[in-house]
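Quick notes on the structure that follows.
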Amino acid sequence: MITTRVSIMSPIAFKLIIIMLCLAFQVVPGEQEMRCLKREREALLQFKASLLDRHGMLSSWTTATDCCQWKGIRCSNLTANIVSLDLHGDQYDYETYSRSYISGEIHESLIELQQLKYLNLSWNLFPDNHIPEFLASLSNLRFLDLSQCEFGGKIPSQLGSLSHLKYLNLAGNFLEGSIPPQLGNLSKLEYLDLRRNYFEGNLPSQFGNLSNLQKFYLKGSYDGVLKINGGGKLLSNLISLTHLYLCSIRGLNSSHTWLQVIVNLPKLRELSLFDSSLSDHFILSLRPYQFNFSTSLLAFHLSGNTFTSPVIFPWVSNITSNLVELYLVGNNLEGSVSNHFGMAMNSLEHLDLSFNSFKGEVLKSFMNICTLNSLSMYENNLTEDLPSILHNLSNGCIRHSLLDLDLTNNQITCSLPDLSTFSVLKSLDLSRNRLNGKITDDIKLPFSLESLSISSNLLEGGIPKSFGNACALRTLDMSNNNLSDEFSMIMDHLSRCARYSLQELNLGENQINGTLLDLSEFSNLKSLDLSRNRLNGKITEDIKLPFQLDYLSISSNFLEGGIPKSFGNACALHTLDMTNNNLSDEFSMIIHYLSRCARYSLQELNLGENQINGTLPNLSAFSTLKSLDLSRNRLNGKITEDIKLPFQLDYLSISSNFLEGGIPKSFGNACALSTLDMTNNSLTDDFSMIMHHLSGCVRYSLENLYLSMNEINGTLPNLSIFSSLQELFVDGNKLNGEISKSIQFPPQLRVLCMESNSLNGVFTDYHFVNISKLSYLDLSDNSLTLTFTQKWIPPFQLRYIYLRSCMLGPTFPKWLQTQNKFVDLDISNAGISDMVPRLFWEKLALRINLFSVNISNNNLHGIISNFATRDVVHFLTLASNQFEGPIPPFLRGSIFLDLSNNNFSDSLSFLCASGPKESLHQLDLSNNQLSGEIPDCWSHLKSLAYLDLSHNKFSGNIPTSLGSLLGLQALLLRNNNLKHDIPFSLRHCAKLVKLDVSGNKLSGHIPAWIGSEMQDLQILSLGRNHFSGILPLQICYLKSLQILDISLNNLTGKIPACINNFTSMAYKKFSSDYRRYSYFVNTSNFRDNQSYELNVFLDWKGSEQMFKTTELLLLKGIDLSSNKFSEEIPVEIESLVELISLNLSRNNLIGTIPSNIGKLKSLEFLDLSRNQFVGSIPVSLKQIDRLAMLDLSHNHLSGVIPTGTQLQSFDASSYEDNLNLCGPPLEKCIDDEPTEEAIVKIAEYSLLGHDFYIGMVLGFVISFWMVFGTILFKKSWRHAYFKFLNNLSDDIYVMIVVKFKWCK
C-alpha cells in the first residue's frame, strides 16, 4: 500500500508567497535587478538631449545607471517597460524667488515608450512650442498633465484617440482657437482642466459623451468668446460630475435653461460660475421653486459677476441650504442682508465677500451663523471704527466658531480693541486700514490666536506687554506703521510665553530705533524682518541670533561697521539681507566672520547698497550659497584668478562698484551660475577675452549676463557655445569694430541689448537664423546696417524692437512686417525713405496691448489712410517725416501722440470726427502745414494734458472750447497767425504749467486772471504779439513762475515792484527737487504717472535757443525787452537771486541801475541796453562771476567801468554809446577824473544835463522865427535880404575868377 504525505503550509508562509506573486505582476519602482529596455533608455537620452536642464532635474539620467532608477521614471517589474514619466517642475517659490523646471523641446523619441501610462510635464517652460501631436501615439496613457508650460497653438485633435485617458490637464498655457470635438471621444475621462487659455467658439456637443467625467474646469478668455450653445443640454449627460468650473463663458446671462440642467446633476458638490455676467436681473427673473439643488452641493462660487443688491443672499439660501462654502468675491454688492440668511445657512463654514462695497453693519447678519469658521471682507467699504465692527459679530454665536477673520484693505479706523471675546479665533488680518494711536496694555488677544496682521496702518508707539502673553502666537505682522519705540523695549514686551511660540515677526517699514540686541531667547523664531526702520550703530559681538532663525532682514536702516562673528554661528540661517545700510568693513572681513557653521546653511546673502570696500575674496567655503548681491558698494581693483565661487551659486550681482580689468577664468567653473551682473563697473578687457574666460562649464548654465555701462572694448565674438544664454546686455560700452560674417548667437537667446556702442558692419539673416526665441532686440545707437534677403521670414517673433539709428532703409523693411507680436518698436533715424505699407497701418490699428511705436526722423511720406481701431497705442511717434494730407482719426486712439515736423495739412476730421474711445493725453502737431482757424471742438478731448499746435499757419481766434480742457497742463500755440485777445474761457485751465502763445498777432490787454487763476504756471511766454496796456499786478501771484517772456509787445507803465513774489526765482533748488520738474500725466492706463517733455524757447546770446525739461531746473529768466516800460527798475528785483537771464532792453527805463544788482550771482545773461539809464555801473556788478553775456550799450551811463573782474573781458560794444563811460575795454579815463561819487553828481547836475538841452531847443526856435518871421511878413525887409544875397554871390564869383587867373 502506497501512502502519500502532504505537508500543510503555514498561513504566514502562504500569505508571503501570495504577496510576492502579486508584486511580480504590479508596477513597482525600477529598483530590481531587471534593467530597462535599451531602446527606451536611448529614447529617454534623446529626449534629455533636446531639453535644457539648468536645475539638474535630470542629473541622475546617465548611461552608467539603470534608467528605471532615474528620477521621475517608473518601470513595470514584469516587462521592464517604462510606465510612468513624472518630470513636473516646481511652482514658483515666493520666499526663494526661484523654481526648478526644464525647458527646450519635447523630442519625438518618446514614441518608443508605448507602455507609458503616466506622463506629467507640468510647470515646465516650453514657450512658443505647440503640444506635440505624436503624444497621441502613446495609446496606453491614462494620465496626461501638460499644465503651466506656456504651450501655444491649438489642442491637437489627435489627442482624442487616447481611449484609455482618465486625466487630462492643459490649464495655464497659451492655447487658442476652438476646442477640438475629438476630445469628446475620451469616454473614460474623469478629470479635464482647460482653464487659463485663449479658447473661442462653442464647446463641442461631443462633450456630452463624457459620462464618466467627474471634474470639469473650463475658462474662456477676455479676448476670445467661448460659449456653451443649446442651453447647456450637453451638460445633462455628465451625470458623474462632482466639480464644475465655468469661468468667463459668454451668454450664460441670457437664458436660464443651462442652470436648470446643472441643478439636476445628481452628484454635483462644487459649482463655480465665475465672471459669467450674472446680475440681479438674472436672479429676479428666475422662478425659485424650479431651481433647488440637490443636497450634494457643498461649495458655490459666484465671484466676478455683476450683482449689486443683497437679493443674491435669499436666493442662495432658498435653492440650497446645505452649503459649506459660498464665494461672492468681486461683485459690487452693498446694502444690508436679511437675518434670515444667517439663520437658514446652518452648515456654512466659509463665506468670502471680498472686493465688494459692504459697510460694517452687514456683519450683524452673520453673527448667528454658528458654524462659520472663516469670514473674508477683504477690500469692502468698511469705514466704521474697529470696536463697532467687532461688536456686530461678538453678540452672536459666531464668536465661538470663527477661526479666520480677514478685514484687510478697508478704511477701518480707531485703535485695536480687546479681542479676547473671540475665544477660538486663530487668524486675524486687519492690514491696510486706518487704525491709529497706540495699542494700550489692557488689550488682550484671543488665547488661541496664531496669526495677527496689523500691517499698513497708522499705529504708533510700540507693542504692548499683553502681546507677550499670547502663548499660541506664531505670526505677528506690524510692518508699515509708525511704531517708534526702542527695539529693545519691543522685544522685552514680547519675551513672555510668546517667545516660545513666535515663529515669524515682521516689523519692517516703521520708525523703530535703537540697535540690534540679543535675540537668542526667542527659541522658535524662524523669520525676522526689521527692514526700513531707524536702527543704527554697530552690531556688537555679544548679539546672538535665535537658533532656528532662517530669515533675517535688516535692510534699509542706518547700521554701521560690519557683521559680527556671532552671525556666523547662526547654523539655520538661509537668508541674510542687510541691503542699504552704512556697512563699511572690508568684504573679506565680513565673509570671514560668516564662515563658521552659517557657511553651510546660508543660501542668500544681500549686502547691496552699502559702503563695503576691498575686493572680492574666495567664496568657495560657502557650499550652499545660491544668491549673492554686492551691488552698489565700493569694491575695487581686479578680480584675481584665485577667486572661486560657491559650487551652488546661481545668482551673483557685483553691479555698480569700481571693479577693473575683466572676469577671471575661475568664474567659468561656476557650473550652477545662471545670472551674472557686473553692470556699471570699470571693466576694460576685450569682450572676446571675457567670453573666453566664461567658456568653462558655466557656458552650459549661464542664462543672464549683464555687462552694461563698463568700458569693455573689442568686437562681438561668436557666442553660440553658450547653450543656455537667454539674456545678454552689453550696452553702454566701447565695443567697436566690424561684425564678423561668421558669428552666431546662442540658440536660447531671448534678449539681446548692444545699444550705445561703436559697432559697425552688417547684420544679415545668417546671424539670426538659429535664435527662434528672440523677443527683445536692441541695437540702437551703433553704426550698424541690417541687410536681410528680400523674402526672409525671421524664425522669431519680437516683442521689443529697438533699432534707433541703425540703417534699415532706404525701403521699409519687409521682415518687419512679419513681426506680429511687438509691443515696443523704435526704428527712428533709420534711413528709411519710403511709403509706409498699408499693412503696417492696418496691424497698428488692430493690435491690442501695443505700447510704443516710434518711426520718427526718417523720410517716410505719403497720406495715411483711416482704419477702425481695436485698442489704443500708448506712445505713437511719427515726428520728423514727410507725411501729408489730413490726419487720420484712428491715430486719436493713442495716449501720447507726436506728429510734429511733418506736412500734415488738415486736422479737422482728426479733431472733430467721432472716433475711438478718447484716451489722448498728449498731442503734438507742431511744425506742420495746418492752416485756417483752429477747430473749435475740444470739449470731447477732455483727457488732454499737453497740446502743442505751434509753428503752423493757424489764423483767427483762439477757440473758446480749449477752456473745457480742465486737466490741461501745457498749451503751446507759438508762431501762428492768431489774432484778437486771449479768450476768457482759458481761465478754467487752472492746472496749466506752461502757456506759450508767443509769435502771433494777439492784441488787447494781458488778462489779469492769468495770475489769479493759473497759479501753477512755471512758464509764461507771451512775446512777439501786440499786447498793450500795463502788466497786471495779478501776475505777481505766480509764485512758481520760472520763465516770464513778454518781449516785443506794446506794454507800458512801470515794472511791478511785486515781482519779488516770484519765489521760484528767489530760492535755490536742490537735487531732491528734480522730481518736481518732471511733468506728469495721470492716466487710467498706467499704474504710475507718465512724464512728458517741456521745452522753452529763449533769446540766448543773440539767438533763439530751445531748452528742454532737464535744463528747466536751472533756467530762470525774465524777458521784458522791446516794450515801452518806463520809470526805474524796482529794487525788489534784487531778491530774485536765482535768475539766470534778465533782459530789459529796448524800453524807456530811467534812473540808475539798482546798486545791489550784484546779488543776482547766478546771472549769465544781462541785457539793459537801449534805455535811459544814468549814473555809474554799480560796483556790485563785478560780484557776478558767471556772466557770459552783458549789454549796457545805448544808455547815458558815466564814470569808470568797475575793474578787477570779467567786466573787462566783454567787447567794447557792450558799453558803446554811453558818452561819459570810460575804462577798459573803452578808452582810458583822464588822470584827474573825478571819483565815482563826483561822476554821479555831475551826471545829475552838469551843464549838459536835461535842462541845458531844453534851453538850447527853445533858443534855436525863438532865434529862427525872429529872423525869418520878419522876412516872411515884412515885404521891404524881404526884398532887401534877397538883394543882399545876390550881391554877395556876385562878389564871391569875381573873387574866385581873379584868384584862378593869378594862380596861372
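- The main-chain N or O of Phe358 is never found under 3.5 Å from a side-chain atom of Asn356 such that the two would form a donor-acceptor pair.
- Counting only heavy atoms from C-beta outward, the side chains of Asn373 and Asp404 never approach each other to under 4.5 Å.
- For the residue pair His301 / Glu325, no side-chain donor-acceptor distance below 3.5 Å is found, with atom types taken as modelled.
- Annotation: side chain of Asn237 is not in contact with side chain of Asn209 (no heavy-atom distance under 4.5 Å).
- In this structure, Asn410 contributes its side chain and Leu382 its backbone to a donor-acceptor pair below 3.5 Å.
- In summary, the side chains of Ser357 and Asn381 do not present any donor paired with an acceptor at a separation below 3.5 Å, with no hydrogens or angles considered.
- With Leu268 as reference, Ile262 is the one residue of Leu298, Ile262, Thr242, Leu238 to meet the side chain to side chain contact (heavy atoms under 4.5 Å, CB included) rule.
- With Asn169 contributing its side chain and Ala171 its backbone, the two residues share a donor-acceptor pair below 3.5 Å.
- Ring pair His874/Phe851: centre-to-centre distance below 6.0 Å.
- Remark: side-chain polar atoms of Thr371 are paired, donor with acceptor, to backbone N or O of Leu348 under 3.5 angstrom.
- The backbone N or O of Ser376 sits nowhere less than 3.5 Å from a side-chain atom of Asp406 that would complete a donor-acceptor pair.
- Ring planes of Phe126 and Phe151: parallel class, angle under 30° (limits at 30 and 60°).
- Taking the six-membered ring for Trp and thresholds of 30 and 60 degrees, Tyr378 and Phe355 have ring planes inclined between 30 and 60 degrees apart.
- The shortest side-chain heavy-atom distance between Tyr101 and Trp123 does not fall under the 4.5 Å cut-off.
- Judged by distance alone, with hydrogens and angles left aside, the side-chain atoms of Glu384 form a donor-acceptor pair with the main-chain N or O of Gly360 at under 3.5 Å.
- The aromatic rings of His350 and Tyr327 lie tilted to each other, with the angle between the two planes from 30° to 60°.
- Screening Leu244, Ile249, Leu192, Asn197 for a side chain to side chain contact (heavy atoms under 4.5 Å, CB included) involving Leu218 leaves a single residue, Ile249.
- The side-chain heavy atoms of Gln206 and Asn185, taken from C-beta on, include no pair separated by under 4.5 Å.
- Using a 4.5 Å heavy-atom threshold, the side chains of Ser277 and Arg250 count as touching.
- With contacts defined as side-chain heavy-atom distances shorter than 4.5 Å, the pair Phe199/Ser178 does not qualify.
- A cation-pi arrangement, defined by a distance under 6.0 Å to the six-membered ring centre and an angle within 45 degrees of its axis, is absent between Arg142 and Tyr167.
- Between Thr308 and Leu333, the closest side-chain pair of non-hydrogen atoms is not below 4.5 Å.
- With hydrogens and angles ignored, the 3.5 Å screen pairs no side-chain donor or acceptor of Ser279 with any backbone N or O of Phe307.
- Between Ser84 and Leu116, the shortest heavy-atom contact is N-CD1, 3.6 Å.
- In this structure a side-chain-to-backbone donor-acceptor pair under 3.5 Å is present from Asp429 to Ser431.
- Across all non-hydrogen atoms, the minimal contact from Ser336 to Pro310 is O-CG, 3.1 Å.
- Between the side chains of Asp275 and Ser248, at least one donor N or O lies within less than 3.5 Å of an accepting N or O.
- Of the possible polar contacts, one joining the Asn305 side chain to the Leu302 backbone as a donor-acceptor pair under 3.5 Å is found.
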Test side-chain hydrogen bond (donor to acceptor under 3.5 Å, both in side chains) applied to Arg196 and Tyr217, step by step: CA-CA 10 Å; Arg196 296 186 296 280; Tyr217 303 95; over 6 Å; no
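- Formation of a donor-acceptor pair under 3.5 Å by the Asn331 side chain with backbone atoms of Ser303 is not found in this model.
- Relative orientation of the Phe216 and Phe207 rings is tilted, given thresholds of 30° and 60° on the angle between their planes.
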